[in-house]
Amino acid sequence: MRNIQILHDRERFREMLSYAVSRENLWGNIDVITRDGAPGLLLVVLDQHDMPNRVSSGVVHECYGDALADLGDILDDLNPDFRPLSHF
């Protein structure tokens, strides 16, 4: 498996999340991952400009709950009309 690169850029992270929401394809594009050799978790989204690389919010989370709460806060800002996040 090819190594992926992770860009730590909160604005690009929000841009990629917004794109995924606009395409109703969020859940296939986000993940919470461990950091190689470092404590904590990163919330990442697929970089639509540089696949298969990812973009992180730059925030290191202590647990999944914190990462997913951060995602929820960002989605509330990006999607105030509660448009569908993904097609099922």
Task: Heavy-atom closest pair, residues D70 and S57 - done: OD2-OG, 4.0 Å
- [ ] List the steps and the verdict of side-chain contact (heavy atoms from CB on, under 4.5 Å) for V21 and L85.
- [x] CA-CA 5 Å; V21 169; L85 299 175; 4.0 Å; yes
TODO: Using side chain to side chain contact (heavy atoms under 4.5 Å, CB included) as the criterion, list what pairs up with V32, not counting sequence neighbours.
DONE: L41, L43, Y64, A67, L68
Open item on the list: If you define the side chain from C-beta out and look only at heavy atoms, does anything of L71 sit under 4.5 Å from L17?
Closed with: yes
Open item on the list: With a 4.5 Å cut-off on side-chain heavy atoms, are F13 and I74 touching?
Closed with: yes
- [ ] Flag the pair D31 / R54 as yes when at least one side-chain heavy-atom distance between them is below 4.5 Å, and no otherwise.
- [x] no
- [ ] Please assess R10 against V59 for the test side-chain contact (heavy atoms from CB on, under 4.5 Å), listing each intermediate value before the final yes or no.
- [x] CA-CA 8 Å; R10 188 154 182 90; V59 176; 3.9 Å; yes
TODO: Using side chain to side chain contact (heavy atoms under 4.5 Å, CB included) as the criterion, point out the one residue from N3, L46, I4, L7 that pairs with N53.
DONE: I4
Open item on the list: For E15, is there any backbone N or O sitting under 3.5 Å from a side-chain donor or acceptor partner on S18?
Closed with: no
Open item on the list: Show the nearest heavy-atom pair for residues L78 and R83, with the distance to one decimal.
Closed with: O-NH2, 4.0 Å
Task: Test item: S86 side-chain N/O and L26 main-chain N/O as donor-acceptor pair under 3.5 Å - done: yes
Task: Greater than 12 external heavy atoms within 6.0 Å of D77's CG - done: yes
Task: Step-by-step side chain to side chain donor-acceptor pair (under 3.5 Å) determination, D47 to Q5 - done: CA-CA 10 Å; D47 189 339; Q5 299 292 317; over 6 Å; no
- [ ] Decide yes or no for R35 and I6: does some side-chain heavy atom of the first lie under 4.5 Å from some side-chain heavy atom of the second?
- [x] no
